Amino acid sequence: MHAAEEMVLQIAEAEALQLQLRGHVQADVAGPDQVTTVAGFDVAYDTESDVVAGAVVILAAPTWEVVGSATTVGRAAFPYVPGLLSFRELPPLLDAWDEVLPKLSTPPDLVLCDGHGIAHPRRFGLACHLGITLNLPTIGVAKTPFVGTHTSPGQRRGERTEILLDGEPVGAALRTRDGVREVYLSVGHRSNLDSACRWVLELCPKYRLPETTRAADRLSRAALAAHR
DNA sequence: GCGACAG
DNA sequence: ATCTTGTCGC
């Protein structure tokens with residue numbers, strides 16, 4: 001069998017797994033009401049190879065200073081397929097997680113990652129997959145919309161509109177700074193939309209993107225650069 | 001059938 | 001994701 005045919009099968013298997021795993025997602029339960037530490041995840045890609053760097057950062061409330069981190073460098077084992085991002089990014093992210101976890105006295109109270117949670121064609125985006133794998137409250141924060149419809153929220157920080165998919169709210173377009181374009185967030189696991197919006201705003205005291213995203217992005221890029 | 005499509 | 005210069009605005 002040719003490589004292209006193998007890929008078609010892998011994609012079908014991945015989609016089937018999503019349908020199975022999505023049954024474990026808790027997207028309408030109380031989120032954390034206190035957050036002492038929060039984890040942020042990101043992956044950086046090399047332009048001309050399949051080398052990838054995964055990073056996890058641990059930030060402490062209320063200043064969100066970095067109190068822990070880990071990076072790993074490896075090779076991408078799955079291509080980018082819209083709707084199957086977690087199969088590409090989860091391996092490097094979990095590698096980084098395994099590195100940082102032994103160094104923590106307590107697991108983080110909340111996890112953020114790039115990309116969507118239940119705002120996904122099968123309601124099982126990267127944030128969901130990461131959340132049920134770690135069994136932690138998770139929020140997906142994306143820079144661009146993926147599925148569903150939404151109107152533009154008001155121009156003030158904190159204003160938001162719902163992302164609707166098949167008539168159901170699956171996420172929010174949230175303005176994290178006055179006059180700056182919104183971010184698109186959705187619950188990954190063990191949270192709800194109100195709580196997710198609250199914590200994302202807390203994590204955006206100064207910039208459009210959450211401090212977790214910014215720190216993890218910097219770190220994953222640095223790890224990639226150091227490797228080359 | 002055609003186009004769009006998180007990172 | 002990543003490749004890239006200048007440029008507008010506070």
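Residue numbers start from 1 in every chain, and the chains themselves are labelled A, B, ... in the order their sequence lines are given, proteins ahead of strands. Just so it is clear, the model here is predicted, and its values are computed rather than measured. Atoms considered below: every heavy atom in the structure, side chains included; atoms not considered: hydrogens, waters and symmetry mates.
- Using a distance-only test at 3.5 Å, with no hydrogens or angles considered, a donor-acceptor pair links the side chain of Thr161(A) to the main chain of Thr151(A).
- The heavy-atom pair separating Ser69(A) from Leu219(A) by the smallest distance is CB-CD2, 3.5 Å.
- Within the 4.5 Å cutoff, the side chain of Leu93(A) has heavy atoms near those of the Leu126(A) side chain.
- Between Arg122(A) and Glu15(A) there is a side-chain heavy-atom pair separated by less than 4.5 Å.
- Atom NZ in Lys206(A) sits about 13 Å away from atom C1' in dC10(C), given to the nearest Å.
- Taking the six-membered ring for Trp, His129(A) and Phe124(A) have ring centres closer than 6.0 Å.
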Exercise for the section: At under 4.0 Å between heavy atoms, which parts of nucleotides 2-7 of chain B does protein reach? Answer with one letter per nucleotide, 5' to 3': B base, S sugar-phosphate only, - none. Expected result: ---BBB
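- With contacts defined as side-chain heavy-atom distances shorter than 4.5 Å, the pair Leu94(A)/Thr133(A) qualifies.
- For the residue pair Asn192(A) and Val29(A), the shortest heavy atom distance occurs at ND2-O, 2.8 Å.
- With a 3.5 Å limit on both pairing distances and Watson-Crick or G-U wobble geometry required, DNA chain C contains no stem of 3 or more pairs.
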Exercise for the section: Given salt bridge (charged side-chain N to carboxylate O under 4.0 Å, His left out), test Arg75(A) with Asp46(A) step by step and report yes or no. Expected result: CA-CA 10 Å; Arg75(A) 295 186 174 279; Asp46(A) 186 33; over 6 Å; no
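- For the pair Arg218(A) CZ and dA1(C) P, the computed distance is 15 Å after rounding to whole Å.
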